[in-house]
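Here's the structure, in structure tokens; my notes come after.
Residue numbers run from 1 in the order of the sequence given.
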Amino acid sequence: MGRDTIADIITYIRNADMDKKGTVRIPYTNITENIVKILLREGFIENVRKHQENNKYFLVLTLRHRRNRKGAYRNILKRISRPGLRIYCNSQRIPRILGGIGVVILSTSRGIMTDREARLERIGGEILFYIW
């Protein structure tokens, strides 16, 4: 695991999705917990549970599956802001992904939230990643 925990989360989920695994285990931090809650609320993952092993906590995510086919849905995650280049925007310039079908995850002064929530509260922030 590197120093960019958000990129690590995205990579864990993307790799499990490409390998058609049903579950993925990611290290627990407050940032990962908030991001996973948003992904659960938006319907990109099915279930989350907290797991402890050797005094370390992990989040076990159950990826959403298709009903008639084997394998998980193909979620596309794209990291935008990174440690070497931070991308900020105000509430008017928050991008819309696929005409509103995709979700932009932002880090704002009021916590991590989606693009819809940030537009409603009229606050901007750092664009963390896109998912669709």
* Worked verdict on I13 versus L39 for side chain to side chain contact (heavy atoms under 4.5 Å, CB included) -> CA-CA 11 Å; I13 294 172; L39 294 177; 3.9 Å; yes
* Kindly indicate, with the supporting measurements, whether the criterion side chain to side chain contact (heavy atoms under 4.5 Å, CB included) is fulfilled by I35 and F129. => CA-CA 10 Å; I35 290 173; F129 63 94; 3.8 Å; yes
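- In terms of heavy atoms, S91 sits closest to A118 at CB-O, 4.4 Å.
- Going from atom CE of M113 over to atom CG of N34 covers 10.5 Å, rounded to the nearest 0.5 Å.
- Between the R119 side chain and the Q92 main chain, no donor and acceptor come within less than 3.5 Å of each other.
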* To do: Carefully, step by step, assess R14 and D17 under the rule side chain to side chain contact (heavy atoms under 4.5 Å, CB included).
  => CA-CA 5 Å; R14 187 184 302 129; D17 192 29; 5.6 Å; no
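- Remark: the backbone N or O of I6 is not paired with any side-chain donor or acceptor of R79 at under 3.5 angstrom.
- Applying the side chain to side chain donor-acceptor pair (under 3.5 Å) test to R96 and every residue at least two apart in sequence or in another chain returns nothing.
- Summarising the geometry, atom OG1 belonging to T23 is positioned 7.5 Å from atom CG belonging to L63; distances are rounded to the nearest 0.5 Å.
- In this structure, the side chain of R116 engages the main chain of G100 through a donor-acceptor pair within 3.5 Å.
- Around atom NZ of K56, no more than 12 heavy atoms belonging to other residues, nucleotides or ligands sit under 6.0 Å away.
- F44 is listed as a side-chain neighbour of V103, based on a closest heavy-atom distance under 4.5 Å.
- Between atom OG1 of residue T114 and atom CD1 of residue I38 there is a gap of 6.5 Å, rounded to the nearest 0.5 Å.
- Residue pairs satisfying the side-chain hydrogen bond (donor to acceptor under 3.5 Å, both in side chains) criterion with at least one member in residues 100-113, sequence neighbours excluded, are listed as follows: R110-E121.
- Taking CG of N15 as the start and CD1 of I10 as the end, the distance is 11.5 Å to the nearest 0.5 Å.
- For the side-chain contact (heavy atoms from CB on, under 4.5 Å) with I127, the qualifying choice from I105, L106, I94 is L106, the only one to do so.
- To the nearest 0.5 Å, the span separating CG on L61 from CZ on R49 amounts to 10.0 Å.
- Linking ILVMFWY side-chain heavy atoms closer than 4.5 Å, directly or via other members, places Y12 and Y57 in a single hydrophobic cluster.
- Closest heavy-atom contact between G43 and R64: O-NH1, 2.6 Å.
- With hydrogens and angles ignored, the 3.5 Å screen pairs a side-chain donor or acceptor of T11 with a backbone N or O of A7.
- Considering only heavy atoms from C-beta on, K37 stays 4.5 Å or farther from L40 through its side chain.
- Sequence neighbours left out, the pairs with a member in residues 123-132 that pass side-chain hydrogen bond (donor to acceptor under 3.5 Å, both in side chains) are S81-E126, R86-E126.
- Atom-to-atom distance recorded for T32:OG1 and L59:CG is 5.0 Å, nearest 0.5 angstrom.
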